2 protein chains.
Amino acid sequence: MAKKEKVKHVADMSTEEKIKEAARKVFTQKGYAATRTRDIAEEAGLNLALLNYYFRSKEKLFEIIMLEKMQKFFSVLLPVINNAATTLEGKVEAIASNYIVLLTTNPDLPLFILSEVRHNPEIFIKIAQNKTFLQDSFFVKQIHKKRPDCNPLQFLVSLLAMCVFPFVMKPVLQKMTDINEADFHKMMLARKTLIPVWTKAMLKAK
Amino acid sequence: MAKKEKVKHVADMSTEEKIKEAARKVFTQKGYAATRTRDIAEEAGLNLALLNYYFRSKEKLFEIIMLEKMQKFFSVLLPVINNAATTLEGKVEAIASNYIVLLTTNPDLPLFILSEVRHNPEIFIKIAQNKTFLQDSFFVKQIHKKRPDCNPLQFLVSLLAMCVFPFVMKPVLQKMTDINEADFHKMMLARKTLIPVWTKAMLKAK
DNA sequence: GTCTATAAGGGGATAGAC
DNA sequence: GTCTATCCCCTTATAGAC
């Protein structure tokens, strides 16, 4: 069962937490470069000087927020991928469901991480001990066993694409079609069952 | 047969074209907000004042580049989607092949468009007459005919996801795995045949 | 801890010489 | 058309009062 999210009352938050909450919002919406520390101070209902009092600089504050966001994004993937107790199908269902729940309430999360990492690769913190943990994961082994003729990374990338990309292209999709928020939400809910069905078919293809 | 790209010799380009070429590079790499007009001038090997002489402002220059980039991105999708003469399978093959060729030489293109549109939706120029042209397209009709029980947009989004998302997540993928440029290139080439096979299986699923 | 005022520098745009 | 020098606003960061 998921940890119950505490509702945040602005009045109850410490000044430090008010700043972080404002920074989360502004940084993810506008990106690092377009964000002014004034925007964050205003969003927090506080004075500009307090940002430097608590966090020393815009950059330090950003690093804290980015670290949080990356942990949030990968926390729905990494535990699933290395679970020895679940089937391949079970893992796919869990990943699809987890991501769609997470991104429905945090639609800006992936584009934020992807574009900031693109513009400054150094801010990407090490998510695991080494660079082969994905290739060494249980998930990859299970894919390889099922389809030795197919590169498991191709499958994993496609799975992530189907879960994450709709949220990444949401602003563009809304410019190109007449789907509204409710329609989009319904589509994403339907994906929770669609993705397992489709990926299963992919693994049986040809 | 594709139009042969003329190799650009810097010395042969007009000053205006030098600036645009530099702007293409710097804007797509760093994004609008993080780009300084001085970066563009330096990249072009020219003086800062010339940017304003030719383009009036950073914003005007950006709009020109963005328009070009959006046309480039959608020019591989729109003609295919409304072609009455090709099969569904033929369209999928064309879209996958076109995007992988385009993005192999322009890997930053999608993340550039997606993040700039996210940060300023107004810069998205109208790509077609109305907002239902996607839903009204031949492609969507063909999908609907094959699978009346499935929302064609779900399929289209997944297809685009499988073509485009690998390039969007490339910087992150390179941080998380040990694949190098050559490996990535090979994977994308393999996708040209993998995507048609996989999407065909999806349309037959369950 | 929180505020006001200001320092210090960056960055877009332009004036004016050539 | 192209350059140098400069203007001026905006932004980050800090000093110092309360």
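These numbers were taken from a predicted model, which means no experiment stands behind them. Numbered from 1 within each chain, the chains take letters A, B, ... in sequence-line order.
In this structure, Glu42(A) atom CD and dT12(D) atom P are separated by 13 Å, rounded to whole Å. Atom NZ in Lys60(A) sits about 15 Å away from atom C1' in dT12(D), given to the nearest Å. Rounded to an integer number of Å, the gap from CG of Leu61(B) to P of dG11(C) is 17 Å. Put simply, CD1 on Ile19(A) is 10 Å from C1' on dT2(C), counting in whole angstrom units. We find that CZ of Phe55(B) is positioned 14 Å from C1' of dG1(D), with the value rounded to whole Å. Across the protein-nucleic acid pair, Lys30(A) atom NZ and dT11(D) atom C1' stand 13 Å apart, rounded to whole Å. Taking atom CE on Met13(B) and atom P on dG1(D), their separation rounds to 16 Å, with Å as the unit.
Under a 3.5 Å cut-off, the side chain of Asn52(B) and the backbone N or O of Ala49(B) do not form any donor-acceptor pair.
Phe167(A) and Phe184(A) have their aromatic ring centers within a separation under 6.0 angstrom.
Note on Tyr54(B): only backbone sugar-phosphate atoms sit closer than 4.0 angstrom, heavy atoms only; bases stay farther off.
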* To do: Treat primed atoms plus P, OP1 and OP2 as sugar-phosphate and everything else as base, then score nucleotides 13-18 of chain D 5' to 3': B for base contact with protein heavy atoms under 4.0 Å, S for sugar-phosphate contact only, - for none.
  => BB----

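Of the N and O atoms on the side chains of Arg191(B) and Ser158(A), at least one donor lies less than 3.5 Å from an acceptor on the other residue. Between the side chains of Lys30(A) and Thr35(A), no donor-acceptor pair is found at a separation under 3.5 Å.
Remark: Gln129(A) pairs with no residue by the side chain to side chain donor-acceptor pair (under 3.5 Å) rule, at least two apart or across chains.
A salt bridge is defined here as a Lys NZ or Arg NE, NH1 or NH2 lying under 4.0 Å from an Asp or Glu carboxylate O, and Lys200(A) with Glu89(A) fails to meet this definition.
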